[in-house]
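As a basis for the values below, the full set of heavy atoms in this structure was taken, side chains included, without hydrogen atoms, waters or symmetry mates.
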Amino acid sequence: MKHVAKSIRSFVGAKNFEESRSFYKELGFEESLISKDLSYFRVTDKLGFYLQNAYVKDWIDNLMIFLEVDDVDRYWNELQTLGLDQKFKNVRLTSIREESWGKECFLHDPSGILWHFGEFY
């Protein structure tokens, strides 16, 4: 089977939809509100995800998203400058970790979704 794909978009949930919408806008993602319970957040023209007003604890507690970035050090500094962990309850930042494949830093969103921001060597 040959895939001629243009994008891939995951659906993620939110414990508090309005808080999560605000969080992702502060993170710099561009929102397109689709309905009262669904938004599309663009990272770039080809990358994005759907945020839905739905919360299943086991799902959210085990959900991780990896976003490859061009420069983890710069990204980490910009994340710290945003102060999201001070503006939003339950948001946590974890500093850069080096691995054999590259390096990454981490961010938990207000619902607990774990974001990996990584750079491959």
query = Counting only heavy atoms not in Arg74, do more than 12 sit closer than 6.0 Å to its CZ atom?
reply = yes
message = Under 4.5 Å between side-chain heavy atoms, counting indirect links through other Ile/Leu/Val/Met/Phe/Trp/Tyr residues: same cluster for Phe41 and Leu33 or not?
response = no
remark   = Here the pair of heavy atoms bringing Met64 nearest to His116 is SD-NE2, 3.3 Å
inquiry  = How close do Arg21 and Ser39 get, counting heavy atoms only, and between which atoms?
reply    = NE-OG, 3.8 Å
request  = Please report the shortest heavy-atom distance between Phe11 and Gln52, naming the atom on each side.
outcome  = CB-NE2, 3.6 Å
task = Check the hydrophobic clustering (I, L, V, M, F, W, Y; side-chain heavy atoms under 4.5 Å; chains of links allowed) and say if Leu47 and Leu114 are grouped together.
result = no
ask   = Distance from Asp109 atom CG to Ile65 atom CD1, nearest 0.5 Å?
value = 8.0 Å
message = Please check this pair: side chain of Ser10 against backbone of Phe49, looking for a donor-acceptor N/O pair closer than 3.5 Å.
response = no
message = Checking the side chain of Lys87 only, and the main-chain atoms of Leu82 only, is there a donor and an acceptor separated by less than 3.5 Å?
response = yes
ask   = With distance as the sole test, does Glu119 use its side chain to make a donor-acceptor pair with the main-chain N or O of Val72 at under 3.5 Å?
value = yes
task = Might you confirm whether atom NZ of Lys25 has over 12 heavy atoms from other residues, nucleotides or ligands at distances under 6.0 Å?
result = yes
task = May I have the step-by-step check of side-chain contact (heavy atoms from CB on, under 4.5 Å) for Trp76 and Leu93, ending in yes or no?
result = CA-CA 9 Å; Trp76 171 247; Leu93 288 167; 3.9 Å; yes
message = Checking Tyr121 against Glu98 for the side-chain contact (heavy atoms from CB on, under 4.5 Å) test, could you report, in this order, the C-alpha distance in whole Å, the side-chain angles of both residues, the deciding distance, and whether it holds?
response = CA-CA 10 Å; Tyr121 293 132; Glu98 295 215 28; 2.7 Å; yes
query = Shared ILVMFWY cluster between Ile60 and Phe29, side chains joined below 4.5 angstrom?
reply = yes
Which atom of Leu51 lies closest to which atom of Ala14, heavy atoms considered = CD1-CB, 3.9 Å
Trace of the side-chain contact (heavy atoms from CB on, under 4.5 Å) decision for Leu107 with Phe23 = CA-CA 12 Å; Leu107 173 69; Phe23 169 81; 3.6 Å; yes
inquiry  = As a quick check of understanding, evaluate side-chain contact (heavy atoms from CB on, under 4.5 Å) for Glu30 and Tyr40, giving each step before the final call.
reply    = CA-CA 8 Å; Glu30 183 182 331; Tyr40 179 68; over 6 Å; no
request  = Locate the shortest heavy-atom distance separating Phe17 from Asp37; write the atom from each residue and the value.
outcome  = CZ-C, 3.7 Å
